**Q** 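I have a structure here, written as structure tokens, and I will follow up with some questions on it.
Every heavy atom of this structure was used, including side-chain atoms; hydrogens, water molecules and symmetry mates were not. The model shown is predicted, which means the values in this text are computed figures rather than measured ones.
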There are 2 protein chains.
Amino acid sequence: MKNSDFVAVRCEECPIRHRAVCARCDGDELAILESMKTYKQYAAGETILWRGEPLDYVASLVHGVASLSKTMEDGRTQMVGLLLPSDFIGRPGRTEVEFDVVATTELTLCRFERKPFEKLVVETPHIAQRLMELALDELDAARDWMLLLGRKTAREKIATFIDMLAQRSLASGSANDLKLELPMTRDQIANYLGLTLETVSRQFNALKKEGVISLSGRKEIEVVDLLALRTATGDDSDGGMLS
Amino acid sequence: MKNSDFVAVRCEECPIRHRAVCARCDGDELAILESMKTYKQYAAGETILWRGEPLDYVASLVHGVASLSKTMEDGRTQMVGLLLPSDFIGRPGRTEVEFDVVATTELTLCRFERKPFEKLVVETPHIAQRLMELALDELDAARDWMLLLGRKTAREKIATFIDMLAQRSLASGSANDLKLELPMTRDQIANYLGLTLETVSRQFNALKKEGVISLSGRKEIEVVDLLALRTATGDDSDGGMLS
DNA sequence: CGTGAGATTGACTATATTCAACCCTAGTGG
DNA sequence: CCACTAGGGTTGAATATAGTCAATCTCACG
């Protein structure tokens with residue numbers, strides 16, 4: 001489904017109903033959220049929030065992909081998070097974010113005004129609990145990424161990145177052939193992995209030459225040899241035989 | 001104060017009373033925690049929790065320093081968090097940790113059995129809210145560290161590390177000369193910064209040669225030129241003039 | 001005072017970056 | 001319908017930065 005096809009839906013039919021911040025809500029709670037929400041679309045490349053900008057809305061990502069990134073004075077940038085459908089933007093008790101939030105694909109947000117939402121969080125343990133879980137999931141993801149950034153080789157970084165996309169594709173139950181669409185340009189992938197875009201390109205083509213993946217077009221990847229890919233991530237010695 | 005001198009205290013007199021998970025608790029809530037808590041000491045180098053081990057206790061770090069680290073099959077390790085006094089170990093809804101928790105100095109924990117504590121969290125919004133804040137603080141710290149790991153040079157990493165220690169020393173109100181004690185060995189610092197211990201050593205001595213810091217003994221550092229140190233972190237162009 | 005873990009230093013190497021040229025290809029307008 | 005163009009991607013050569021391996025030093029401790 002293309003993002004531009006998206007139209008507002010009732011919460012009960014929302015594709016992220018069971019995973020977003022509203023996951024634990026019962027009917028009454030959902031009705032309140034329903035009355036508060038507004039949808040907003042963004043085009044690929046558009047900045048959703050600038051670092052330091054006051055945070056008037058919080059939101060759930062309905063579909064599409066967004067990135068969180070930090071930039072140094074001299075222009076070096078590092079992506080510090082990747083937001084996928086059901087992920088949450090904004091946090092209780094903070095009035096601004098200290099990174100940029102950018103749409104890497106077309107995307108749709110389900111937004112709530114921050115102030116009323118914060119009031120709702122206090123009154124609704126189901127939402128507070130789910131927010132806590134989401135924050136802890138992000139923390140786990142950040143820590144895995146720290147290991148990647150600090151200790152993995154370029155090859156392992158690329159393999160880990162592709163494997164992550166593959167896992168997600170399999171988990172989301174869609175076609176279980178391993179054809180993936182890259183949600184980012186080489187440059188953005190480089191910023192995510194702490195590499196340069198040239199190194200990203202070289203490693204993609206090295207894996208292709210070895211027959212681990214195949215590439216076609218700019219954003220299509222197919223995983224040809226999942227076992228070899230797993231081995232190349234450096235994460236485990238058995239190439240993921242247990243999964 | 002040496003850790004070994006620490007003896008159990010009443011919560012009201014606890015050094016981390018206003019920053020730990022109990023920060024928002026009123027007298028009644030504090031009385032409940034008081035009745036549940038037990039103190040436990042660890043020696044420097046001792047492992048507090050192994051990755052994957054079942055989590056029977058959660059705890060606040062009363063004093064000393066602990067580290068969270070992940071290790072790859074081939075032995076490469078990356079520290080993914082540094083725990084300072086008032087930081088919390090363990091999390092609601094998870095029965096194990098997926099990193100090792102190690103004491104880098106002598107330290108004292110204020111422990112609670114996990115099950116009763118989780119029950120208390122549900123019944124006590126003051127604790128749940130504080131846990132959320134602590135989790136978000138950790139998330140911010142992790143993201144800053146991702147920028148460091150992914151994009152900073154060895155020199156910038158070392159300067160950032162020393163600056164962080166200096167900030168903390170100033171903040172904790174202790175003597176405002178900039179003499180610091182390193183809470184870790186070169187090897188541990190290397191694991192924190194995504195470097196090798198040789199590179200850590202070389203960069204420390206380069207900064208010393210340039211007169212930015214001075215070193216004496218194994219763990220004593222003095223910041224001689226804070227402005228130069230700030231500049232060397234790469235974080236801002238003005239060397240921190242506004243602070 | 002001796003010992004050993006931790007730290008330093010040096011020489012060499014490897015990996016990824018930098019700089020530069022060139023190549024696709026999707027989208028545009030003639 | 002085709003040629004043009006620009007943004008993204010690839011490839012190569014030279015370089016730089018941090019890693020590796022190895023020898024030596026030094027401090028803190030018994």
Side-chain angles (χ1 to χ4, degrees), chain A residues 2 43-45 72 74-78 104-106 148-162 181-210 213-221 232 234, chain B residues 2 4 43-46 72 74-78 104-106 148-162 181-210 213-221 232 234:
Chain A
K2 281 200 57 175
M72 295 171 67
D74 61 6
R76 283 176 281 176
T77 81
Q78 176 63 52
T104 65
T105 65
E106 269 193 314
L148 176 142
L149 291 172
R151 293 303 186 197
K152 289 193 176 182
T153 64
R155 181 188 168 84
E156 289 169 338
K157 287 177 174 181
I158 295 291
T160 304
F161 176 69
I162 299 171
E181 186 186 354
L182 295 175
M184 316 151 130
T185 64
R186 299 287 183 273
D187 189 48
Q188 290 170 322
I189 295 170
N191 286 336
Y192 195 25
L193 299 175
L195 296 170
T196 59
L197 66 93
E198 292 96 330
T199 300
V200 170
S201 179
R202 281 187 246 269
Q203 295 298 335
F204 267 122
N205 287 97
L207 288 173
K208 177 185 178 184
K209 198 165 291 173
E210 293 170 33
I213 60 172
S214 74
L215 301 167
S216 52
R218 256 150 211 219
K219 326 204 109 179
E220 273 113 83
I221 280 205
Chain B
K2 280 201 60 173
S4 48
E46 223 178 318
M72 295 171 67
D74 61 5
R76 282 175 283 177
T77 80
Q78 175 64 51
T104 65
T105 65
E106 268 195 315
L148 176 143
L149 292 173
R151 291 303 185 199
K152 289 194 177 181
T153 63
R155 181 189 169 83
E156 289 169 337
K157 287 177 174 180
I158 295 291
T160 304
F161 176 69
I162 299 171
E181 187 185 353
L182 295 174
M184 316 151 129
T185 64
R186 298 290 184 273
D187 188 49
Q188 290 171 321
I189 295 170
N191 285 337
Y192 194 26
L193 300 175
L195 296 170
T196 59
L197 67 92
E198 293 94 332
T199 299
V200 170
S201 180
R202 280 187 247 271
Q203 295 297 335
F204 267 123
N205 287 97
L207 288 174
K208 177 184 177 184
K209 200 165 290 174
E210 294 171 32
I213 60 172
S214 73
L215 301 167
S216 53
R218 258 151 211 219
K219 324 204 114 179
E220 273 115 81
I221 282 204

**Q** Output yes when a side-chain donor or acceptor of B/Q78 lies under 3.5 Å from a complementary backbone atom of B/Y192, and no otherwise.
**A** yes

**Q** Please pick, from D/dT20, D/dG9, C/dA16, the nucleotide with the shortest atom-to-atom distance to any side-chain atom of A/R186.
**A** D/dG9

**Q** Report the distance from atom CD1 of A/I189 to atom C1' of D/dG8, rounded to the nearest whole Å.
**A**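 Distance check: A/I189 CD1 to D/dG8 C1' gives 12 Å.
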
**Q** Could you check how far CE of A/M184 sits from C1' of D/dG7, rounded to whole Å?
**A** 18 Å

**Q** Please determine if a side-chain N or O atom of A/T199 lies less than 4.0 Å away from the OP1 or OP2 oxygen of C/dT17.
**A** yes

**Q** List for me each residue that meets salt bridge (charged side-chain N to carboxylate O under 4.0 Å, His left out) alongside B/R151, sequence neighbours excluded, and say none if there are none.
**A**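 Not a single residue meets the salt bridge (charged side-chain N to carboxylate O under 4.0 Å, His left out) criterion with B/R151.
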
**Q** Looking only at heavy atoms, what is the nearest atom pair of A/T104 and A/A44, with distance?
**A**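 What the structure gives for the nearest pair is O-CB, 4.0 Å.
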
**Q** Could you report the tightest heavy-atom contact between B/L215 and B/K208, atom names first, then the distance?
**A** CD1-CD, 3.9 Å

**Q** Round to a whole Å and report the spacing from NZ of B/K157 to P of D/dA18.
**A**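 After rounding, the reported distance stands at 8 Å.
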
**Q** Rounding to 10 degrees, work out the angle separating the end axes of the helix from C/dC1-D/dG30 to C/dG30-D/dC1 (five pairs an end).
**A**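 Comparing the first five pairs with the last five, the axes sit 40° apart.
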
**Q** Which atoms form the tightest heavy-atom contact between A/L149 and A/G194, and what is the distance?
**A**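 Distance-wise, the nearest heavy atoms are CD2-N, 3.9 Å.
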
**Q** In whole Å, what is the span from the CD atom of B/Q203 to the C1' atom of C/dA7?
**A** 15 Å

**Q** Indicate for each nucleotide in nucleotides 12-17 of chain D, in 5' to 3' sequence, whether protein heavy atoms under 4.0 Å reach the base (B), only the sugar-phosphate (S), or nothing (-).
**A** BB----

**Q** Taking CD1 from A/I158 and C1' from D/dT10, how many angstroms apart are they, rounded to a whole number?
**A** 14 Å

**Q** Which whole-number value in Å describes the distance from A/L182 CG to D/dG8 P?
**A** 15 Å

**Q** Is there side-chain contact between A/F161 and A/V200, with at least one heavy-atom pair below 4.5 Å?
**A**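 The answer is no; the side chains never approach within 4.5 Å.
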
**Q** Do you know which two heavy atoms are closest between B/P183 and B/T105, and how far apart they sit?
**A** O-CG2, 3.7 Å

**Q** For B/E210, enumerate each residue passing the salt bridge (charged side-chain N to carboxylate O under 4.0 Å, His left out) test, keeping only those at least two apart in sequence or located in another chain.
**A** B/R155

**Q** D/dG9 C1' sits how many Å from A/L195 CG, rounded?
**A**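 After rounding, the gap between these two atoms is 16 Å.
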
**Q** May I have the distance from A/E156 (atom CD) to D/dG19 (atom P), rounded to whole angstrom?
**A** 14 Å

**Q** Does a side-chain heavy-atom distance below 4.5 Å link B/T199 with B/L193?
**A**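 They are not in contact (no side-chain heavy atoms under 4.5 Å apart), so the answer is no.
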
**Q** Between A/T196 and B/N205, name the one whose nearest nucleotide on DNA chain C is closer to the 5' end.
**A**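 Whichever sits nearer the 5' end wins; that is B/N205.
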
**Q** How long is the span from the CD atom in A/E156 to the CD atom in A/Q203, to the nearest 0.5 Å?
**A**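 Atom-to-atom, A/E156:CD and A/Q203:CD are 10.0 Å apart.
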
**Q** How far does NZ of A/K219 sit from CD of A/E181, to the nearest 0.5 angstrom?
**A** 7.0 Å

**Q** Give B/L197 one of three labels, base, sugar-phosphate or nothing, depending on what nucleic acid heavy atoms sit under 4.0 Å from its own.
**A** base

**Q** Look for any protein N or O under 3.5 Å of an N or O in nucleotides 25-30 of chain D and output each such pair with its distance, or none.
**A**
residue : atom : partner : partner atom : Å
D/dT26  : O2   : B/R218  : NH2          : 2.5

**Q** List for me each residue that meets side-chain hydrogen bond (donor to acceptor under 3.5 Å, both in side chains) alongside B/S214, sequence neighbours excluded, and say none if there are none.
**A** none

